[in-house]
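Notes to accompany the following structure.
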Amino acid sequence: MKKGYFGQWGGAFIPEVLYETFAGLNHAYEEARADASFWREYTRLMANYSCRPTPLTYAENLSKHFGGARIYIKREDLNHTGAHKLNNVMGQGLLVRRMGKKRVIAETGAGQHGVATATMAARFGLACTIYMGEEDVARQRPNVFWMEKLGATVVPVTDGSRTLKDAINAAFRDWVASMDDTHYVLGTVCGPHPFPEMVAWFQSIIGKEANGQIREQHGRLPARVYACVGGGSNAMGIFQGFLDEPGVELIGVEAGGKGLETGEHASRMVGDLASPGVAQGYKTMFLQDRDGQMLHTHSIAAGLDYVGVSPILADLGEKGRVRFEAATDREVIRALEMTMRTEGIIPALESSHAFVQAFKEAPDLAADEAVIINMSGRGDKDIFTIAHAFDDSSWKEFIIGLAAEYRSSYK
Ligand SMILES: *Cc1c(COP(=O)(O)O)cnc(C)c1O
């Protein structure tokens with residue numbers, strides 16, 4: 001198979017000026033991958049800086065409540081900065097050091113990848129510029145605040161729709177001009193080769209750990225593994241631990257938004273809104289119209305709100321190795337509420353999509369079987385959205401009171 005392709009998906013559709021940069025990146029990545037000491041350095045860094053290995057928690061109360069399979073939760077929320085994103089950025093940080101570059105750039109929509117990248121840059125002493133659509137800068141002020149406090153320069157992008165895709169274009173424009181000393185930290189298993197394969201490699205730490213942990217705690221492999229799918233990095237991360245085990249079913253859960261029938265969602269692999277296309281440097285299933293214009297996507301979870309999906313997952317879906325489902329915003333809030341009340345665990349809105357599907361299926365499995373839910377991140381970050389969704393009246397009073405208080409003191 002051609003390098004960087006997964007079946008018919010993937011590739012590296014990049015401007016000629018970036019050929020040399022990509023050749024350099026491919027070389028550094030392949031060298032690191034062939035060098036066992038690199039992976040040892042990576043796992044040591046993640047153990048000291050990001051609480052790895054993250055636990056696999058047996059959710060006894062949820063298991064009892066649903067009365068079927070034993071439910072285990074892989075706790076990526078316990079990573080530093082609260083999600084699996086750090087696995088990827090710290091891995092790329094080590095590569096940047098190997099390549100001798102001094103600056104990193106990234107694009108971010110919801111801001112979580114921006115915060116993770118700014119964190120990594122601070123840790124490694126790298127200059128850092130984050131591109132973000134002007135619209136997203138306004139919506140994600142807390143994340144912008146932290147990026148700036150961590151030392152990054154946040155550039156609001158004013159082109160086009162002033163959202164993620166415009167930020168991606170701006171980041172590539174920067175890279176063309178700065179590639180000698182700058183690395184582009186892509187945030188998920190998408191984009192041109194080698195990013196999907198490389199990011200999947202760093203995230204495979206999740207699945208490697210989970211495979212050992214479930215054997216130890218449950219005595220054998222799980223029947224099913226669930227993960228939410230935005231770009232696909234947390235899903236690929238855990239799935240890789242079980243891809244070669246044909247008895248383990250892998251389920252990717254996309255953002256069903258207001259319902260597939262409404263068209264207001266971000267489901268590429270289920271529903272009929274997505275079609276094959278080439279954009280942002282790679283071929284995959286995109287939510288686009290017949291002219292290739294990207295559609296407006298919707299999800300209650302900002303991290304799942306993306307037009308494309310990993311080419312690796314597009315291939316695994318086409319081959320039938322990964323089954324795809326969608327969870328609606330409303331189902332997500334219910335699953336989140338249930339998990340908080342029953343286990344004292346607050347999953348991110350993104351992660352809650354995986355919980356929805358596991359809760360639907362666990363009752364039909366035998367009591368001696370196990371399922372794993374990959375909890376990609378923690379929900380504290382979503383307090384504004386969650387409180388709004390719960391329509392919590394004391395929260396509303398709090399926000400209004402806070403606004404009034406600051407308005408008078410900021411004058
Ligand atoms: C960013 C994010 C996601 C979506 O990204 P993937 O690449 O699909 O994993 C999911 N969960 C959380 C908590 C995130 O921050």
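Every number for a ligand or one of its atoms is a count from 1 in the order of the listing.
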query: Salt bridge or not for Glu369 and Arg220, using N-O below 4.0 Å?
result: no

- prompt: Do ligand 1 and Ser376 have nitrogen or oxygen atoms that lie under 3.5 Å from each other?
  reply: yes

- request: Pull out every atom of ligand 1 sitting under 4.0 Å from any heavy atom of Asn234, numbered as shown with elements.
  value: 6 (P), 8 (O), 9 (O), 10 (C)

- prompt: Can you list the ligand 1 atoms lying under 4.0 Å from a non-hydrogen atom of Gly230?
  reply: 8 (O)

- request: Give yes or no for whether the N/O distance cutoff of 3.5 Å, strictly under, is met between Gly232 and ligand 1.
  value: yes

- prompt: Considering only heavy atoms of Gly377, which atoms of ligand 1 have at least one such atom less than 4.0 Å away?
  reply: 13 (C)

query: Has the side chain of Thr284 got a donor or acceptor atom that lies under 3.5 Å from a matching backbone atom of Val309?
result: yes

message: Do the side chains of Glu325 and Lys360 get close enough for a salt bridge, i.e. N-O under 4.0 angstrom?
response: no

task: State plainly whether the residues Arg75 and Glu343 are in salt-bridge range, i.e. N to O under 4.0 Å.
output: no

- line: Within the 4.0 Å heavy-atom cut-off, what Lys85 brings close to ligand 1 is side chain

query: Looking at residues at least two apart in the chain, or sitting in another chain, which of them share a side chain to side chain contact (heavy atoms under 4.5 Å, CB included) with Glu197?
result: Phe6, Tyr29, Arg33, His193

query: So which pairs with a foot in residues 32-59 pass ring pair (Phe, Tyr, Trp, His ring centres under 6.0 Å), sequence neighbours left out?
result: Phe38-Trp201, Trp39-Tyr42, Trp39-Trp201, Tyr42-Phe202, Tyr49-His80, Tyr58-Tyr72

message: At less than 4.0 angstrom from any non-hydrogen atom of Thr188, what atoms of ligand 1 do you find?
response: 7 (O)

field: Contact (N/O only, under 3.5 Å) between Gly231 and ligand 1
entry: yes

query: In Å, rounded to the nearest 0.5 Å, how long is the span from SG of Cys51 to CG of Leu78?
result: 7.0 Å

field: ligand 1 atoms in contact with His84 (distance to a heavy atom under 4.0 Å)
entry: 2 (C), 3 (C), 6 (P), 9 (O), 10 (C), 11 (N), 12 (C), 14 (C)

task: Consider ligand 1: state whether an atom of it lies below 4.0 angstrom from any non-hydrogen atom of Ala235.
output: no

- request: For Cys228, take its heavy atoms, then give the atoms of ligand 1 lying under 4.0 Å from any of them.
  value: 10 (C)

message: I'd like to know if Lys396 and Asp391 make a salt bridge, using a cut-off of under 4.0 Å between side-chain N and carboxylate O.
response: yes

message: Taking Glu41 first and then Arg98, would you say they form a salt bridge - that is, a charged N and a carboxylate O separated by under 4.0 Å?
response: no

- prompt: So is there a nitrogen or oxygen of Ser233 less than 3.5 Å from a nitrogen or oxygen in ligand 1?
  reply: yes

Atoms of ligand 1, numbered as shown, that sit under 4.0 Å from any heavy atom of Gly303: 4 (C)

message: Counting only nitrogen or oxygen atoms and a 3.5 angstrom limit, does Ser351 reach ligand 1?
response: no

- prompt: Do ligand 1 and Ala348 have nitrogen or oxygen atoms that lie under 3.5 Å from each other?
  reply: no

- request: Taking atom types as modelled, find out whether Ser376 and Asn374 have a side-chain donor-acceptor pair closer than 3.5 angstrom.
  value: no

